[in-house]
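Position 1 is the first residue of the sequence; numbering continues from there. Nothing here was measured: the structure is a model prediction, and the numbers come from that model.
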Amino acid sequence: MNPEQIVMMKRFIYILLLCLLISCESKVPVIESDKFRCDNYKFPFSTFEMLNCNIHNDEIFYTNRYDKRLLLQYNIHNSFIDTIIKDNEIVDICVLNDTCVFYTDYPSFGDYKIKNINNKYYNYFEKIYETVSHPYWKYDYKCISVARSGPDFSLTMIDENSGIIQCVKYYIFGKDYSEILKNNIPVYLRFEIAADSSIIPVSFFGEYPKNHPEDNYADCGRLGVFYNHKSKNIITYTAVDDYVVLCDSMGNKIQDVYFGSQLYKYSPFSIDKKNKMAESINHYYSATLYSYIGFDEYRNIYYRWMSLPRERDENSMIKEDVVDYILVVADEKFNIKYEVFFDGDKYHPIPADDLINEKGLLIYEKENKEWKGSHTAAWFVFE
């Protein structure tokens, strides 16, 4: 066998052994993703070009990875693409329905404008300091809705006139988030948009899961948030906690809930490493980390993504870092049903993209190692 065939054989053995191991030791079953695969889908263009995707019924709203000035709408059935908005740089999209789409415009460094396509030139947060004082930072804060900071921290709209946004002292996560932990500072704002388009504060919230490791700066200590439009509950979580915090619709804590993978291993990442790019990259390819939480309202199930880097084969002639993924699936009461294993050589799950409709969850495929020019995806149904 040539070197490439040897590497492929090692990968197959690795995946087989991993599945056997976790199946034998599992508290819940770990199942290969193809068991849940239903229908294939072929895009008429590269899925890699789609960024900040959001689906509503049969319409996918997205920006182009190479030209973020356009907010595009793609119909799954007829493959028709329509340009909805052209702006400076669109870095986040939040779809309520076909005609009400919010997005974040990024005209210049440090300047974020929240807009609605129905009223595209208005910045809702331009005069927020006239109506909103933070309970801890007063007026020394910034409302940040930008997907480039991570999918867990982007704008969440509850309805056309209310939502949730990250509300923090500028660069607090870039420096040291221990101030937030020590003083129990709320980092999210639940707001309403008044008739005059001013922002009215409804509540400030944001609590870390119990026993959160204060020494872990793998994700700069950021606290993620998820809003369940069906139950009206808010969930806060981090990249390094098996537990999440279940809250009511105002962000008041109800309880800590276990929603983790049996494969997660705590791996500390000290503050002195967090601004070192090489250290951060090495940690990503060596430590398990949680990411996006989602909810399938058609089947009443929660899911939570976790990256599962493979151990590096130092003897291999072909050096590459491959990340597999685990999808933890739970019912609406957070009873974990099973975990789903996605082969990193075959699939490229993008947890930031909540592509769920009646057909299931749409997952991108890789057609080659670099997944350049990939046109294929598949629908997965978890029940």
Review point. Linking I/L/V/M/F/W/Y whenever any side-chain heavy atoms sit under 4.5 Å apart, do Val202 and Tyr141 land together?
Key: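 Cluster IDs for Val202 and Tyr141 differ.
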Is the ring centre of [X] less than 6.0 Å from the ring centre of [Y]?
| X | Y | value |
| --- | --- | --- |
| Tyr325 | Phe341 | no |
| Phe191 | Tyr124 | no |
| Phe342 | Trp305 | yes |
| Phe382 | Tyr303 | no |
| Phe380 | Phe36 | no |
| His348 | Tyr364 | no |
| Tyr139 | His134 | no |
| Phe43 | Tyr41 | yes |
| Tyr237 | Tyr243 | no |

Check your understanding: For Tyr170 and Asp140, what are the C-alpha separation, side-chain angles and deciding distance, and is it a side chain to side chain contact (heavy atoms under 4.5 Å, CB included)?
Key -> CA-CA 8 Å; Tyr170 212 32; Asp140 184 17; over 6 Å; no
Exercise for review: I would like to know whether Tyr74 and Phe61 meet ring pair (Phe, Tyr, Trp, His ring centres under 6.0 Å); could you show each step before the answer?
Suggested key: CA-CA 6 Å; Tyr74 169 75; Phe61 298 81; over 10 Å; no
Check your understanding: Any sub-3.5 Å donor-acceptor pair from Ser162's side-chain atoms to Ile158's backbone N or O?
Key ->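 Side chain of Ser162 to backbone of Ile158, a donor-acceptor pair under 3.5 Å: no, none is there.
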Is the shortest heavy-atom distance from the side chain of [X] to the side chain of [Y] under 4.5 Å?
| X | Y | value |
| --- | --- | --- |
| Asn57 | Ile76 | no |
| Asn64 | Phe45 | no |
| Tyr103 | Asp87 | yes |

Review point. Can you tell me if Tyr217 and Asp176 form a side-chain donor-acceptor pair at under 3.5 Å?
Key: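 Judged by distance alone, the side chains do pair up.
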Point to revise | Donor-acceptor pair between Glu207 and Thr236 side chains, under 3.5 angstrom | key: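 Not at all, the side chains of Glu207 and Thr236 share no donor-acceptor pair under 3.5 Å.
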Check your understanding: Could you walk me through whether Asn233 and Asn228 pass the side chain to side chain donor-acceptor pair (under 3.5 Å) check?
Key -> CA-CA 5 Å; Asn233 288 127; Asn228 186 324; 6.0 Å; no
Exercise for review: Identify the two heavy atoms, one from Ile254 and one from Cys247, that lie closest to each other, and give their separation to 0.1 Å.
Suggested key: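 Reported closest heavy-atom pair: CD1-C, 3.6 Å.
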Practice item. Considering non-hydrogen atoms only, spot the tightest contact between Gly360 and Arg299 and give its length. Key: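 Result for this residue pair: N-NH2, 3.4 Å.
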Is it the case that atom [atom1] in [X] sees more than 12 heavy atoms from other parts of the structure closer than 6.0 Å?
| X | atom1 | result |
| --- | --- | --- |
| Lys42 | NZ | yes |
| Glu179 | CD | yes |
| Lys86 | NZ | no |
| Glu279 | CD | yes |

**Study point:** Geometric class of the His229/Tyr227 ring pair [parallel <30°, tilted 30-60°, perpendicular >60°]
**Key:**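 Tyr227 and His229: perpendicular rings.
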Check your understanding: What do the steps show when you test Asp324 against Arg310 for salt bridge (charged side-chain N to carboxylate O under 4.0 Å, His left out), and what is the final call?
Key -> CA-CA 7 Å; Asp324 298 314; Arg310 296 182 189 175; 2.9 Å; yes
Review point. When you look at Arg69 and Asp67, which way does the salt bridge (charged side-chain N to carboxylate O under 4.0 Å, His left out) test go after all the steps?
Key: CA-CA 6 Å; Arg69 296 173 301 168; Asp67 184 1; 2.8 Å; yes
Exercise for review: Assess whether salt bridge (charged side-chain N to carboxylate O under 4.0 Å, His left out) is satisfied between Glu49 and Arg65, documenting all intermediate values.
Suggested key: CA-CA 5 Å; Glu49 295 176 0; Arg65 185 176 297 272; over 6 Å; no
Exercise for review: Could you walk me through whether Glu160 and Asn116 pass side chain to side chain contact (heavy atoms under 4.5 Å, CB included), step by step?
Suggested key: CA-CA 9 Å; Glu160 193 166 355; Asn116 189 335; 4.2 Å; yes
Exercise for review: Quickly, which of Asp219, Asp241, Asp242 forms a side chain to side chain donor-acceptor pair (under 3.5 Å) with Tyr290? Name it, please.
Suggested key: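 The residue from Asp219, Asp241, Asp242 that satisfies side chain to side chain donor-acceptor pair (under 3.5 Å) with Tyr290 turns out to be Asp242.
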